[in-house]
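So the structure is just underneath, and the comments pick up after that.
Throughout, a chain's letter reflects where its sequence line sits, starting with A, and its residues are numbered from 1.
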Amino acid sequence: MAELPRPDGGAAAHHLGAALGQAELRPQTPIVEFRRVEKIYGEGESEVRALDGVDMRIDPGEFVSIMGSSGSGKSTAMNMIGCLDVPTSGAYLFRGVNVCNLDQDQRALLRRHFIGFVFQGFNLLARTTALENVELPLVYRRVPADERRRRALKALDLVGLSSRAGHTSAKLSGGQQQRVAIARALVTEPSLLLADEPTGNLDSARKVEIMELMVQLNREHGITVVMVTHEPDMAEYGTRTVVFRDGKIISGNR
Amino acid sequence: MLWATLIMSLREVRKNALRSFLTMLGIMIGVGAVIAMVTIGEGATQKVRSDVGALGENMLVVSPGAARRGPERTAGNPFQKDDVEAIEREVTGIKALSPTAQSSTTVVFGNQNWPTSVIGVDDGYFEVRGYKVEMGRSFSEVEAASGTPVCIIGKTVRDNLFPGTMPMGQRIRVKQVSCLIVGLLASKGQAAMGGDQDDVVLMPLRAFQRRIAGNNNISSVYLQVEEAQMTSSVQAQVEDLLRERRRIQPGAVDDFNVRNMQEIADTMSSVTASMTGLLGGIAAVSLLVGGIGIMNIMLVSVTERTREVGTRLAIGALASEVLLQFLVEAVVLALLGGILGILFGLSLSYAATQSLSLPFVISPGTVAGAFAFSAAVGVIFGYLPARKAARLNPIEALRHE
């Protein structure tokens, strides 16, 4: 499903491509592996242990829901899984590559090639059409314009919005905007889809639609999904629920 | 990638059309002002050159009196016929030459009179000064030798003495002499320093000396040099020759002067050129102000679009790509402003040159320079905001409200 990184972005990408090429050789490698991951913010008195020695493993094809109250460390874990953040200590292996050893640009290339993001606030570009929003990740991958368009339309079709391709985000409902955002995350055919409270801003009918779409992507397209939510009935759509409290996993770990 | 970034930037500029336009306005006015100043200045320079050229091509004027400016200008003895003959004989590089004598006087026809310059000339004068006989004829050899009172008049004299009638064959009175009009001069228009070159009555030098002046003096000699680069050599030869003939000691001040029209043209055009540079420089300051305007708006834009930057970074944009995007946006704004400014400046200077009756000269170097300069303004003033965007932390940027 996932493609090898192309030799773009200069030497960093080249190095990364070699590293990930090796990871590709072992199909049983977990997508996400935390080894005693700690994340500490601040120093001394005001020190906060957002993650306190977390071990976690997520295999290809899983649909993991992450739950926990605010301040439990679930958002920190999410940022870490998405390679937006690095551990203070311990190791985070993404597809067998130790993310701690990568610089900012190399992590950006990992996200570009392997991870799709869906946010609570949709984060579509203002005054930009649905199609252009979906094309955006392909622009960074240097996909030629005609192929970009074709793939973006296909992704919009998958989320059932091909008829709204030319609409700007202001003309779409919340549920439609989130589906455009999902199409944007999917268009690169990522191996991991990261969803941060994807239904947080939606009414209950839309929530169900979005969750059914995510389940469909997971089952029919084999995309690994990791979703943060605070709603238990949303978490139940997943194949497994991991619960965080005070920077530790208290249930759902394997 | 650069192409896609460019498309994205143009879209961004269009999204905020009014704001983008106001941002461009600074650059537009700056570039417009520079272009207008330089274009008008170039027109003025060219006008000066062509006006001085119109006095006579490659022309030297030899006159008695030291070449000092101001009221204490010393008079020198006028030249005589043998001076002119010596110049003609001994100086090489002369194409045409004419001794002249001149008097300001009032000419009369019927009950009309008109104050003008009456100049006694040789045949060479027409060639040196570039006068052409439009109607009638030039002076015949017999007339030139015998001093017959005939004359050729310029357009201004004709218009004032003969409104609506044909002057050919009529007689005008110059001082006490009745003078037959045998030709009309083609119009030459205003000279560089305001003199009307058509306000003139020409007659054969011999006739002028005998009948008007009453002496054989020659007040100045007009020379035309064969080629422009020989002007200074001819000037030096004439000076040496006259110094010898007029017995001027080495180191003493000459009691005559040789004016080089080319030199005057060069001086005047270098004055206009430095004025152009000065005004252009002042106008360039407004470009700087325009650049600051771009920086200001780009900083606002980066803050407004923090979440967008966060999203782009999350989906895999490199910091350098975000930097490039904002930089290209600033350059697009500056360049669009520059293009509008070039059009604005050119139309402004077109209007100005038309109303000042100057030639309208587009200088491609200035236009290209203005274009390059506005791109540079975009890069310089766009860099700081772009770096600010590129250095955003994606996690914080995504949380930004």
Side-chain angles (χ1 to χ4, degrees), chain A residues 5 8-10 12-13 39 41 75-76 78-80 82-86 103-129 132-145 148 168 181 184-188 190 194 196, chain B residues 1-21 297-298 300-329 332 386-401:
Chain A
D8 55 5
K39 183 72 190 180
Y41 294 111
S75 296
T76 307
M78 194 69 177
N79 289 335
M80 206 147 309
C83 302
L84 291 168
D85 207 349
V86 286
D103 66 22
Q104 203 186 333
D105 279 354
Q106 290 171 321
R107 282 185 277 125
L109 290 173
L110 266 191
R111 293 195 294 274
R112 176 183 298 183
H113 290 286
F114 298 104
I115 302 176
F117 280 90
V118 176
F119 308 96
Q120 179 176 4
F122 321 137
N123 287 7
L124 298 182
L125 301 194
R127 281 177 274 190
T128 303
T129 65
E132 286 160 356
N133 266 293
V134 177
E135 281 185 16
L136 189 62
L138 300 178
V139 172
Y140 288 114
R141 291 180 124 193
R142 272 78 162 169
V143 174
R148 215 155 65 202
T168 57
R184 181 178 65 190
L186 286 179
V187 74
T188 58
L194 276 183
D196 189 359
Chain B
M1 189 64 200
L2 195 64
W3 181 247
T5 312
L6 194 68
I7 302 275
M8 249 186 315
S9 311
L10 284 171
R11 201 174 281 151
E12 211 53 55
V13 167
R14 211 184 47 201
K15 272 192 216 167
N16 287 307
L18 181 63
R19 182 201 277 189
S20 303
F21 176 72
I297 282 300
M298 288 308 295
V300 170
S301 171
V302 168
T303 309
E304 275 181 358
R305 288 155 68 193
T306 300
R307 259 165 90 90
E308 178 195 322
V309 172
T311 309
R312 286 176 185 274
L313 290 170
I315 65 177
L318 302 178
S320 57
E321 288 165 342
V322 171
L323 183 100
L324 184 72
Q325 184 196 341
F326 281 91
L327 204 55
V328 167
E329 258 182 66
V332 162
R387 199 185 59 168
K388 187 184 167 201
R391 286 191 174 175
L392 285 173
N393 175 334
I395 300 170
E396 280 160 24
L398 281 168
R399 246 186 251 136
H400 190 267
E401 285 310 314

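Interface remark: A:Asn123 contributes backbone and side-chain atoms alike to the contact with chain B (heavy atom separation under 4.5 Å). Only the side chain of A:Glu132 has a heavy atom closer than 4.5 Å to any heavy atom of chain B. Heavy atoms of A:Leu84 lying under 4.5 Å from chain B belong to its backbone as well as its side chain. Looking at A:Ala145, there are no atoms closer than 4.5 Å to chain B (heavy atoms on both sides), in backbone or side chain. For B:Gln325, the part lying under 4.5 angstrom from a heavy atom of chain A is the side chain only. Neither the backbone nor the side chain of B:Arg14 comes within contact range of chain A; no heavy atom of the residue lies under 4.5 Å from a heavy atom of that chain. Heavy atoms closer than 4.5 Å to chain A are found nowhere in B:Arg305, neither backbone nor side chain. Both the backbone and the side chain of B:Ile315 come within contact range of chain A, each with at least one heavy atom under 4.5 Å from a heavy atom of that chain.
No donor-acceptor contact under 3.5 angstrom links the side chains of B:Ser20 and B:Lys15, judged on distance only.
Smallest separation of non-hydrogen atoms from A:Phe117 and A:Ala185: O-CB, 3.5 Å.
Salt-bridge annotation for B:Glu12 and B:Arg19: absent, with no side-chain N of the basic residue lying under 4.0 Å from a carboxylate O of the acidic one. Between B:Glu308 and A:Arg127, no side-chain nitrogen of the basic residue sits less than 4.0 Å from a carboxylate oxygen of the acidic one, so the salt-bridge criterion is not met. Using a cutoff of 4.0 Å between basic side-chain nitrogens and carboxylate oxygens, A:Arg184 and A:Glu135 are not scored as salt-bridged. The pair B:Arg11-B:Glu329 does not meet the salt-bridge criterion, since no charged nitrogen lies less than 4.0 angstrom from a carboxylate oxygen.
Considering only heavy atoms from C-beta on, B:Val309 comes within 4.5 Å of B:Leu313 through its side chain.
Contacts with chain B were tallied for A:Val139, A:Leu194, A:Ile115; A:Val139 has the most, counting heavy-atom pairs under 4.5 Å.
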